[in-house]
Amino acid sequence: MPELPEVETTRRDLADRISGRTVTGVCFVAGGVSPARELGPDEFTDALVGRRIERLTRRGKYLVMHFADGGVLVLHRRMSGNLLLREPGATLDPYTRATISLDDGRELRWTDLRRFGTWRLADTPEQAIPQMGPEPLEDAWRADDLAAALKDRRAPVKAALLDQRRVAGLGNIYADESLHLARIHPRRPAGSLAPDELQRLHQAIRAVLNRALDLRGSTSSTYMDGMGERGTMQDEWRVYHRTGAPCAECGTLITRLVVAGRGTHICLKCQPPPGGTDERA
DNA sequence: CGTTACCTGAAA
DNA sequence: TTTCAGGTAACG
């Protein structure tokens, strides 16, 4: 899915453009699973129409639309969801599953090829968002916090990075990219990292996420920002989706393996396997 | 802990 | 035809 940088890019694109607008209509495209799983389309529409959008925030990979009455609409894009703001009469976007009409005539469109994305209405964000770890781009997040989150864990460090309860917002792309930048093998037990490795990983996560934010995220197939444009971070991927291509650091060909059930991309020379044993794809 | 399920393709 | 897919929840 869109990970932290992609969700934050969308938030920045849309926040000022939809703040102050009132919802005038909601339409769910018929057929298939609706993003609003908990309420029927009519009920959901009734619950949204007439409410004024006050601001748009983000927590991990969740987008939160705050209404003037204090309630929230919490969106999660999962694998292929996008939230686009379109002008009146704009041509239809592929895989549009739902639309929210605004009082300036513009329309928010929810596109989602795989239909995994979810919308939840709640009184507060906490009601709709599960417990989640710290935001890695906040100043308050230090190497010590990462160390504490990984301490005593025997799970592969990559699995720990993908666990939103330890750090919020990392997904498969930026976990792989961060581990390569930090020169750490994804199968290393999380609790086995030395202090200097934790330091490097902490710094790498920040560097990778900040660079991705500068480049407005990564687009490989379905991701788009709030205006429907592509990000360009994919042009700087070090390992992700680069199986068989040379590592920019040492020229070794990038290997693909499966860790924590996810496709994982590494340079075996830059990221030596744990235990000295040979590791293959 | 790892695996499966959810859904619909796109790419090999 | 088969594999892979940016995420999570549920299951064993």
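So that the names make sense, note that chain A is the first sequence line, chain B the second, and so on, each numbered from 1.
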Looking at [X] and [Y], does any basic side-chain N land under 4.0 Å from a carboxylate oxygen?
| X | Y | answer |
| --- | --- | --- |
| A:Arg106 | A:Asp104 | yes |
| A:Arg166 | A:Asp163 | yes |
| A:Arg188 | A:Glu197 | yes |

Ignoring backbone atoms, test whether [X] places a side-chain nitrogen or oxygen under 4.0 Å from the OP1 or OP2 oxygen of [N].
| X | N | result |
| --- | --- | --- |
| A:His76 | C:dT8 | yes |
| A:Arg77 | C:dT8 | no |
| A:Gln164 | C:dT8 | yes |

What's the [atom1]-[atom2] distance between [X] and [N], to the nearest Å?
| X | N | atom1 | atom2 | value |
| --- | --- | --- | --- | --- |
| A:Arg59 | C:dT8 | CZ | C1' | 16 Å |
| A:Ile173 | C:dA5 | CD1 | P | 11 Å |
| A:Met79 | C:dA5 | CE | P | 8 Å |
| A:Asp163 | C:dA9 | CG | P | 11 Å |
| A:Glu3 | C:dT8 | CD | C1' | 13 Å |
| A:Arg165 | C:dG7 | CZ | P | 16 Å |
| A:Leu4 | C:dT8 | CG | P | 11 Å |

Review point. Where do A:Glu249 and A:Arg183 land on the salt bridge (Lys or Arg N to Asp or Glu O under 4.0 Å) test, with the steps shown first?
Key: CA-CA 10 Å; A:Glu249 304 294 333; A:Arg183 306 195 305 279; over 6 Å; no
Does [X] reach a base, just sugar-phosphate, or nothing at all? Heavy atoms under 4.0 Å.
| X | answer |
| --- | --- |
| A:Arg153 | sugar-phosphate |
| A:Gly171 | sugar-phosphate |
| A:Pro156 | sugar-phosphate |
| A:Tyr240 | sugar-phosphate |

**Study point:** Smallest separation among heavy atoms of A:Met65 and A:Leu108, with atom names
**Key:**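 Heavy atoms of A:Met65 and A:Leu108 come nearest at CE-CD1, 3.9 Å.
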Check your understanding: Which sits closer to the 5' end of DNA chain B, A:Gly31 or A:Arg154, going by the nucleotide each is nearest to?
Key ->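 Its nearest nucleotide being more 5', the pick is A:Arg154.
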Practice item. Look at the rings of A:Phe28 and A:Trp119 and say which category their plane angle falls in: under 30° parallel, 30 to 60° tilted, over 60° perpendicular. Key: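 Answer is tilted, since the angle falls between 30° and 60°.
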Check your understanding: Would you say A:Glu135 has more than 12 foreign heavy atoms packed within less than 6.0 Å of its CD?
Key ->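 Count over threshold, so yes.
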Practice item. Report, as yes or no, whether the 6.0 Å neighbourhood of atom CD on A:Gln203 holds more than 12 heavy atoms from other residues, nucleotides or ligands. Key: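 It does not: A:Gln203 CD has 12 such atoms or fewer within range.
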Practice item. Would you mind telling me which of A:Thr9, A:Asp225, A:Thr10 makes a side chain to side chain donor-acceptor pair (under 3.5 Å) with A:Arg216? Key: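 Between A:Arg216 and the candidates, side chain to side chain donor-acceptor pair (under 3.5 Å) is satisfied uniquely by A:Asp225.
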Check your understanding: What distance, rounded to whole Å, do you find between the two P atoms, one in B:dC7 and one in C:dT1?
Key ->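 Looking at atom P only, B:dC7 and C:dT1 are 22 Å apart.
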Point to revise | Any donor-acceptor N/O pair, A:Glu177 side chain to A:Val208 backbone, under 3.5 Å | key: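 Here the side-chain-to-backbone pair does not exist.
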Practice item. For DNA chain B, write out the stems as range with range, using runs of 3 or more consecutive Watson-Crick or G-U pairs with both distances under 3.5 Å. Key: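 Listed by first number, the stems are B:1-6 with C:7-12, B:8-12 with C:1-5.
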Review point. How would you give the extent of chain A contacts on DNA chain B, as first and last nucleotide 5' to 3' within a 4.0 Å heavy-atom cut-off?
Key: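 From 5' to 3', the first and last contacting nucleotides are B:dC1 to B:dA10.
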Review point. Using a heavy-atom distance cut-off of less than 4.0 Å, which residues of residues 112-132 of chain A contact DNA chain B?
Key: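 Contacts with DNA chain B under 4.0 Å: A:Leu113, A:Arg114, A:Arg115, A:Phe116.
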Practice item. Verify the ring-centre separation between A:Trp237 and A:Tyr174: is it less than 6.0 angstrom? Key: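 Centroid distance A:Tyr174-A:Trp237: not below 6.0 Å, so no.
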Practice item. Look at the side-chain heavy atoms of Ile, Leu, Val, Met, Phe, Trp and Tyr, link any pair under 4.5 Å apart, and say whether A:Leu213 and A:Trp141 land in one connected group. Key: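 A:Leu213 clusters together with A:Trp141.
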